[in-house]
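Have a look at the structure below, then the notes.
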Amino acid sequence: MIDERLKKDLAILPISTIRALTNLSDRQIRYYESQDLLTTKRGKGGQRRFSLNDVERLIEIRTMMESGDSLKDIHDLYETNRVRNRQDEKIDFVRSLENEFLKIGRLEKH
DNA sequence: GTTCTCACA
DNA sequence: TGTGAGAA
């Protein structure tokens, strides 16, 4: 369903929930956000609202930290992933265009 | 009662 | 990164 992505992106969870789900201190969570590892929104009174995607990302970050990676390593990894994903999307877009052209070509030949 | 920001022995 | 103060 298209709704699934929307639900995961919904930033509605308070930091206390994130703390329980990730076993990280709220101090650490806020620090990681300051290092651009998270995309949070602000609610009433400037309080952070996290999404399920943030939870998943924080768990990954904690795992990487435990295996000795620095915050910079993690940041770089997400950066390269972001670039690679953009390229993949571009490739998919080109492929879909090619398919459309092939369809049109077949139709015109008839 | 919770979360936020800022500062530090 | 932790902790504590003061505000919202």
Side-chain angles (χ1 to χ4, degrees):
Chain A
M1 302 291 193
I2 191 172
D3 287 341
E4 291 307 313
R5 262 192 87 168
L6 295 177
K7 288 176 182 174
K8 281 195 172 183
D9 284 330
L10 275 181
I12 56 176
L13 306 172
I15 197 169
S16 57
T17 303
I18 274 59
R19 191 200 306 133
L21 262 38
T22 62
N23 289 319
L24 290 166
S25 66
D26 47 347
R27 180 70 182 76
Q28 286 175 295
I29 297 169
R30 296 193 190 102
Y31 180 65
Y32 298 159
E33 184 212 359
S34 72
Q35 305 301 307
D36 292 328
L37 268 46
L38 254 43
T39 58
T40 62
K41 295 184 177 180
R42 296 304 184 105
K44 179 76 175 182
Q47 296 184 175
R48 272 167 265 255
R49 288 294 129 91
F50 300 81
S51 69
L52 293 178
N53 285 330
D54 295 328
V55 175
E56 293 177 357
R57 170 163 296 197
L58 279 170
I59 292 176
E60 288 178 15
I61 292 172
R62 182 173 56 77
T63 303
M64 292 181 68
M65 291 290 286
E66 288 171 350
S67 47
D69 290 316
S70 69
L71 284 182
K72 184 179 185 305
D73 293 332
I74 298 172
H75 186 276
D76 290 344
L77 180 63
Y78 278 123
E79 184 65 20
T80 56
N81 280 340
R82 199 168 59 80
V83 172
R84 197 179 63 200
N85 287 338
R86 271 212 306 270
Q87 291 173 340
D88 288 344
E89 289 176 7
K90 203 170 184 179
I91 291 173
D92 289 340
F93 177 67
V94 171
R95 281 181 185 148
S96 65
L97 268 185
E98 288 174 347
N99 286 333
E100 289 305 313
F101 287 142
L102 285 176
K103 283 182 188 173
I104 295 174
R106 280 196 293 269
L107 289 175
E108 286 180 344
K109 286 177 182 175
H110 282 168

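Throughout, a chain's letter reflects where its sequence line sits, starting with A, and its residues are numbered from 1. Note that the structure is a prediction, hence the values are computed from the model and not measured.
Figure legend. C:dA7 is base-paired to B:dT3; pairs are counted as Watson-Crick or G-U wobble with both atom distances under 3.5 Å. Using the Watson-Crick or G-U wobble rule with both distances under 3.5 Å, C:dG2 pairs with B:dC8.
Here A:R42 does not reach the OP1 or OP2 of B:dT3: none of its side-chain N or O atoms lies under 4.0 Å away. In this structure, A:Q47 does not reach the B:dC4 phosphate: none of its side-chain N or O atoms is under 4.0 Å from OP1 or OP2. Taking only side-chain nitrogens and oxygens, A:R48 never comes nearer than 4.0 Å to OP1 or OP2 of B:dT3. At the phosphate of C:dG2, neither OP1 nor OP2 sits under 4.0 Å from any side-chain N or O atom of A:Y31.
Taking atom CD1 of A:I15 as the reference point, atom P of B:dT5 lies 9 Å away to the nearest angstrom. Between A:K41 atom NZ and B:dT3 atom C1' the separation is 19 Å, expressed in whole Å. Computed from coordinates, the A:R30 CZ to B:dA7 C1' distance equals 15 Å when rounded to whole Å. Straight-line distance from the NZ atom of A:K44 to the C1' atom of C:dA7: 15 Å, rounded to whole Å. In this entry the distance linking CG of A:L37 with P of C:dT1 reads 11 Å, nearest Å. Taking atom CZ of residue A:F50 and atom P of nucleotide B:dT3, one finds them 10 Å apart after rounding to whole Å. Across the protein-nucleic acid pair, A:D26 atom CG and B:dT2 atom P stand 12 Å apart, rounded to whole Å. In this structure, A:L24 places its CG atom 12 Å from C1' of C:dT1, rounding to the nearest Å.
Residues A:G45 and A:S25 each lie close to DNA chain C; by heavy-atom proximity, the contact nearer the 5' end of the strand is made by A:S25.
Put simply, CD on A:E33 and CD1 on A:I18 are 11.5 Å apart, with the number rounded to the nearest 0.5 Å. Between atom CG of residue A:L97 and atom CG of residue A:L102 there is a gap of 11.0 Å, rounded to the nearest 0.5 Å.
Below the 3.5 angstrom threshold, one finds a donor paired with an acceptor across the side chain of A:R27 and the base of C:dT3.
At a threshold of 4.0 Å, the pair A:K103-A:E100 counts as salt-bridged, since one of the basic side-chain nitrogens sits closer than that to a carboxylate oxygen.
Residues A:S51 and A:D54 have side chains that bring a donor and an acceptor to within less than 3.5 angstrom of each other.
Looking at A:R57, its side chain does come within 3.5 Å of a backbone N or O of A:L37 through a donor-acceptor pair.
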